[in-house]
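None of these values were measured; they are calculated from a predicted model. These numbers come from the heavy atoms of this one structure, side chains and all, not from hydrogens, waters or symmetry mates. Within every chain, numbering begins at 1; the chains are lettered A, B, ... in the order of the sequence lines, protein sequences first and strands thereafter.
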There are 2 protein chains.
Amino acid sequence: MTSPSWESLPDRLRARGLRWTPQRRVLVDVLSSTRGHVTGSELVERCRAVDPATIPSTVYRTLDVLEDLGVVRHGHGPDGREEFHVLPEAEHGHLHCESCGTSWDLSLDDARTLVRSLRARRGFVVDLSHVTIVGRCAGCVDPTPP
Amino acid sequence: MTSPSWESLPDRLRARGLRWTPQRRVLVDVLSSTRGHVTGSELVERCRAVDPATIPSTVYRTLDVLEDLGVVRHGHGPDGREEFHVLPEAEHGHLHCESCGTSWDLSLDDARTLVRSLRARRGFVVDLSHVTIVGRCAGCVDPTPP
DNA sequence: CATGCTGTTGCAACTGGTCGCAATAAGGGG
DNA sequence: CCCCTTATTGCGACCAGTTGCAACAGCATG
Ligand SMILES: [Mn+2]
Ligand SMILES: [Mn+2]
Ligand SMILES: [Zn+2]
Ligand SMILES: [Zn+2]
């Protein structure tokens, strides 16, 4: 399933004086068949599977361009590594248990109190998709042995 | 000013079967004269200033050990790089404007609503010192030209 | 003070990503 | 269809760490 935003990408780029290249087409093809989260290096791998001549810096630079266009958003995992969200998708952050390693999505609803209070108290607008909250999940905090 | 926790460190290590080495002493000396935040590579540099033979992996491994002991905590800047908090210090996270690049501390008080709602709704205990919230600050969201 | 167990170091290779620069090639205008 | 401007690529060096391994050295013990 190809969403309309992928089809119009070449023109959206050209309208900004940017260019549509074979290397960008490879990455966009990979992204358009990706759902959920991907790390940068996973994207490099998948591009290399399509075109073995893929150069990492080209992929990362294209990801920057695509993020400017709003086509992807990046965040960072608990180790600081980049994670990309492919749009359109509900904006969300991540919750990560540093004890068992499990991750959960943090919906706008879950984060509402944070987003609201920062906006109210400081006028600060949170970029939720960039957020990863680390801590300990219920199961790891309270290991109930029956 | 050397806090008591620095002086007792050698013994705290030995009590755990760990060792007090010249390399660790250099790092601990550097840490004890550091206030606020430092990145990992800054610490490597400062250690190298004391002992030019400093090896990065040794510093990072020692930082891991010190974090287990609760002497430092790490978080990640907006770019994913490590940032260390030297204790004792009030636990806090960070707020970073991706537009102007300014950072602010995010106190437990500022984050209270988030911490509480995650604990209430999911039993999740937030490690605030690991959190960096990225977004746009009041000045960048609303550029009021007089 | 000598011995030995094992935690720690130094080193080198590797991962994920960034950067500067010269060569290449989109793609708009003539 | 050719030209020219300039965005983009490929490449190599570099930054921030991480990891496996063999050599080394704390330190507890006798
Ligand atoms: Mn981390
Ligand atoms: Mn980021
Ligand atoms: Zn857990
Ligand atoms: Zn700002």
Side-chain angles (χ1 to χ4, degrees), chain A residues 8-28 30 37-48 50-69 72 74-84 98 101 130 132, chain B residues 8-28 37-48 50-69 72-84 98 101 130 132:
Chain A
S8 62
L9 244 189
D11 286 335
R12 295 221 285 139
L13 286 166
R14 286 189 276 255
R16 289 192 173 206
L18 306 179
R19 292 167 193 179
W20 182 240
T21 68
Q23 295 85 343
R24 291 185 173 174
R25 209 179 84 74
V26 170
L27 175 58
V28 167
V30 165
H37 316 104
V38 227
T39 65
S41 55
E42 273 169 356
L43 287 171
V44 170
E45 270 177 57
R46 295 188 197 176
C47 285
R48 230 195 280 274
V50 175
D51 176 1
T54 298
I55 266 62
S57 56
T58 298
V59 173
Y60 289 111
R61 284 189 283 222
T62 300
L63 284 167
D64 284 348
V65 170
L66 295 180
E67 190 153 14
D68 280 347
L69 293 183
V72 299
H74 86 274
H76 301 268
D79 52 2
R81 279 194 188 69
E82 287 189 325
E83 277 180 9
F84 289 89
E98 58 196 341
H130 195 281
T132 294
Chain B
S8 62
L9 242 189
D11 287 334
R12 295 221 284 137
L13 286 166
R14 286 189 277 255
R16 290 193 173 203
L18 307 179
R19 291 168 193 177
W20 181 240
T21 67
Q23 295 84 345
R24 290 183 175 176
R25 210 180 84 74
V26 170
L27 175 56
V28 167
H37 316 105
V38 226
T39 66
S41 55
E42 273 168 357
L43 288 171
V44 171
E45 269 178 58
R46 294 187 197 178
C47 285
R48 229 196 283 271
V50 176
D51 176 2
T54 299
I55 266 62
S57 56
T58 298
V59 173
Y60 288 111
R61 284 190 282 222
T62 299
L63 284 167
D64 285 347
V65 170
L66 295 180
E67 190 153 15
D68 279 347
L69 292 183
V72 299
R73 311 281 312 261
H74 86 275
H76 300 268
D79 51 3
R81 279 195 189 67
E82 286 189 324
E83 276 181 10
F84 289 88
E98 59 196 339
H130 195 280
T132 295

Trainee: Write out a two-atom table: protein N or O, nucleotide N or O from nucleotides 11-14 of chain D, distance below 3.5 Å.
Mentor:
unit_1	atom_1	unit_2	atom_2	d
D/dC11	N4	A/Ser57	OG	3.2

Trainee: State which residues pass salt bridge (charged side-chain N to carboxylate O under 4.0 Å, His left out) with B/Arg19; sequence neighbours excluded, sorted by chain then number.
Mentor: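 B/Arg19: no salt bridge (charged side-chain N to carboxylate O under 4.0 Å, His left out) contacts found.
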Trainee: D/dC15 C1' sits how many Å from A/Tyr60 OH, rounded?
Mentor: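 Result: 14 Å.
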Trainee: Could you give the distance from CZ (B/Arg73) to CD (B/Glu83), rounded to the nearest 0.5 Å?
Mentor: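 Taking CZ in B/Arg73 and CD in B/Glu83, the distance rounds to 14.0 Å.
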Trainee: Which residues satisfy the salt bridge (charged side-chain N to carboxylate O under 4.0 Å, His left out) test with B/Arg16, sequence neighbours excluded?
Mentor: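 For B/Arg16, no residue satisfies salt bridge (charged side-chain N to carboxylate O under 4.0 Å, His left out) once neighbours in sequence are set aside.
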Trainee: Would you mind reading off the distance between B/Glu83 atom CD and D/dA16 atom C1', rounded to a whole angstrom?
Mentor: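 Distance check: B/Glu83 CD to D/dA16 C1' gives 13 Å.
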Trainee: Check whether more than 12 heavy atoms from other residues, nucleotides or ligands sit under 6.0 Å from atom CZ of B/Arg25, and answer yes or no.
Mentor: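 Open.
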Trainee: Take the protein atom CZ of B/Arg81 and the nucleotide atom C1' of C/dG17, then report the distance between them rounded to whole Å.
Mentor: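 Going from CZ in B/Arg81 over to C1' in C/dG17 covers 9 Å.
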Trainee: Tell me: CD of B/Gln23 to P of D/dC24, nearest whole Å?
Mentor: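 Checked: the CD to P distance equals 14 Å.
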Trainee: From CZ of A/Arg24 over to C1' of D/dA7, roughly how many Å is that when rounded to an integer?
Mentor: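 It works out to 8 Å between those atoms.
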Trainee: What does A/Gly17 touch in the nucleic acid at a heavy-atom separation under 4.0 angstrom: a base, only the sugar-phosphate, or nothing?
Mentor: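 Since only primed, P, OP1 and OP2 atoms lie under 4.0 Å of A/Gly17, the category is sugar-phosphate.
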Trainee: So, using side chain to side chain donor-acceptor pair (under 3.5 Å) as the criterion, who are the partners of B/Arg12 when residues are at least two apart?
Mentor: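 B/Arg12 satisfies side chain to side chain donor-acceptor pair (under 3.5 Å) with no other residue.
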Trainee: What pairs with A/Asp51 under salt bridge (charged side-chain N to carboxylate O under 4.0 Å, His left out), at least two apart in sequence or on another chain?
Mentor: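 Testing A/Asp51 for salt bridge (charged side-chain N to carboxylate O under 4.0 Å, His left out), a comparison that skips the adjacent residues, returns none.
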Trainee: What string of B, S and - do you get for nucleotides 23-30 of chain C, 5' to 3', if B is base contact, S is sugar-phosphate-only contact and - is no contact with any protein heavy atom under 4.0 Å?
Mentor: --BBSS--
Trainee: Please list, by residue number, the residues of residues 62-69 of chain A whose heavy atoms come closer than 4.0 Å to an atom of DNA chain C; answer none if no residue qualifies.
Mentor: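 Nucleic-acid contacts, sorted: none.
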Trainee: Using the test side chain to side chain donor-acceptor pair (under 3.5 Å), find all partners of B/Arg24 that sit at least two apart in sequence or belong to another chain.
Mentor: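 B/Arg24: no side chain to side chain donor-acceptor pair (under 3.5 Å) contacts found.
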Trainee: So, using side chain to side chain contact (heavy atoms under 4.5 Å, CB included) as the criterion, who are the partners of A/Arg14 when residues are at least two apart?
Mentor: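 By the side chain to side chain contact (heavy atoms under 4.5 Å, CB included) rule, A/Arg14 matches A/Pro10, A/Asp11, A/Trp20.
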Trainee: Write down the distance between CD (A/Glu42) and C1' (C/dG17), rounded to a whole number of angstrom.
Mentor: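 Taking atom C1' of C/dG17 as the reference, CD of A/Glu42 is at 15 Å.
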Trainee: What residues form a side chain to side chain donor-acceptor pair (under 3.5 Å) with B/Asp64, not counting sequence neighbours?
Mentor: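 With neighbours one apart ignored, the set is empty.
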Trainee: In whole Å, what is the span from the CG atom of A/Asp51 to the C1' atom of D/dT9?
Mentor: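 It is 12 Å, rounded to the nearest whole Å.
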Trainee: Using the side chain to side chain contact (heavy atoms under 4.5 Å, CB included) criterion, which residues pair with B/Glu82? Sequence neighbours excluded.
Mentor: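 Applying side chain to side chain contact (heavy atoms under 4.5 Å, CB included) to B/Glu82 gives B/Tyr60, B/His74, B/His76, B/Phe84.
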Trainee: Which residues pass the salt bridge (charged side-chain N to carboxylate O under 4.0 Å, His left out) test with B/Arg61, not counting sequence neighbours?
Mentor: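 Not a single residue meets the salt bridge (charged side-chain N to carboxylate O under 4.0 Å, His left out) criterion with B/Arg61.
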Trainee: Without decimals, in angstroms, what is the distance between B/Glu82 CD and C/dG16 C1'?
Mentor: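 Result: 14 Å.
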Trainee: Reckon B/Thr58 has a side-chain N or O less than 4.0 Å from the OP1 or OP2 of C/dG10?
Mentor: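 The answer is yes; a side-chain N or O of B/Thr58 sits under 4.0 Å from OP1 or OP2.
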